[in-house]
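Heavy atoms only: backbone and side chains are in, while hydrogens, waters and symmetry mates are out. Residue numbers start at 1 and run along the sequence shown.
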Amino acid sequence: MDKDNVEWFAIKKPREEGKIEKAEVGGKKLCIVLLNGKLYATSSRCPHAGADLSLGWCEGEKLVCSYHRHRFDLQTGKGDEGQGNYIDVFPLKEENNQWYVGIKKSWWKRWF
C-alpha cells in the first residue's frame with residue numbers, strides 16, 4: 001500500500017485474546033482481533049453472504065463467520081480452499097502506546 005495514499009486512524013487494542021472487537025474508522029467497519037499477542041484488522045463483512053464477522057470467532061489464525069462458517073486467514077484475508085473469496089486486511093502500527101489502522105484514501109481525497 002502506497003504510504004501517501006493511506007490515512008491512519010487511532011483504534012483501541014482489545015484487552016481479551018481471541019475476542020473480536022468491532023470498530024468503525026475512516027468510513028469502514030472493521031474487526032480488530034488480538035491473537036497470540038499480535039493485533040489484526042480486517043473488514044467486518046463476510047463476502048459470502050454479508051454477515052457481520054464480528055459475531056464470529058477465531059480458530060487458529062482464522063476468523064470464522066458465524067453465518068455459514070466461512071474461514072479467513074487473519075494475515076492475508078484469503079478464504080479457505082474452495083471458498084473462492086477473501087476479506088480485506090489493513091495495516092497496523094503502534095506509536096507512543098497508541099495503535100493505528102491504515103485505511104486507503106478514497107480517490108476523491110487523493111484528488112482534492
Next on the checklist: Please check this pair: side chain of E16 against backbone of L34, looking for a donor-acceptor N/O pair closer than 3.5 Å.
Outcome noted: no

Checklist outcome for this item: Here the gap from S54 atom OG to K29 atom NZ, rounded to the nearest 0.5 Å, amounts to 9.5 Å

Checklist entry - Are Y100 and E94 side-chain neighbours, meaning at least one heavy-atom pair lies under 4.5 Å? => result no

Checklist entry - Is the number of heavy atoms from other residues, nucleotides or ligands under 6.0 Å of E81 CD greater than 12? => result no

Item to check | Q83 side chain near H48 side chain, heavy-atom distance below 4.5 Å | outcome: no

Next on the checklist: Looking at every non-hydrogen atom in both residues, tell me the closest pair between A41 and V101 and how far apart they are.
Outcome noted: CB-CG2, 3.9 Å

Checklist outcome for this item: Heavy-atom closest pair (W57 atom, S66 atom, distance to 0.1 Å) is CZ3-CA, 3.8 Å

Item to check | Residues clustered with I87, ILVMFWY side-chain links under 4.5 angstrom | outcome: I20, V33, L35, Y40, L53, L63, F72, L74

Item to check | Neighbour count above 12 (heavy atom, 6.0 Å) for K62 NZ | outcome: yes

Item to check | 4.5 Å side-chain heavy-atom contact, L39 and W99 | outcome: yes

Checklist entry - Are K93 and W8 in a cation-pi contact, defined as NZ or CZ under 6.0 Å from the six-membered ring centre and within 45° of the axis? => result yes

Checklist entry - Between NZ of K28 and OG1 of T42, what distance do you get to the nearest 0.5 Å? => result 12.5 Å

Item to check | Validation row: S44, L30 side chains within 4.5 angstrom (heavy atoms) | outcome: no

Item to check | Pairwise distance CZ(F9) to CD(E24) - rounded to 0.5 angstrom | outcome: 11.0 Å

Item to check | Point-to-point distance, once rounded to the nearest 0.5 Å, from SG of C65 to CG of D52 | outcome: 8.5 Å

Checklist entry - Taking the side chain from E21 and the backbone from C31, do they hold a donor-acceptor pair closer than 3.5 Å? => result no

Checklist entry - Within the distance-only criterion (no hydrogens, no angle test), does the side chain of E17 pair as donor or acceptor with the backbone N or O of N36 below 3.5 angstrom? => result yes

Next on the checklist: Determine whether H70 and N85 satisfy the following criterion, side-chain hydrogen bond (donor to acceptor under 3.5 Å, both in side chains), listing intermediate values before the conclusion.
Outcome noted: CA-CA 9 Å; H70 275 221; N85 56 11; 3.2 Å; yes

Item to check | Salt bridge flag under 4.0 Å for residues D73 and K78 | outcome: no

Item to check | Rounded distance [0.5 Å steps], CG in D80 versus CZ in R71 | outcome: 5.0 Å

Checklist entry - Got a sec, which residues hit side chain to side chain contact (heavy atoms under 4.5 Å, CB included) with D88, two or more places apart in sequence or on another chain? => result S43, Y86, F90

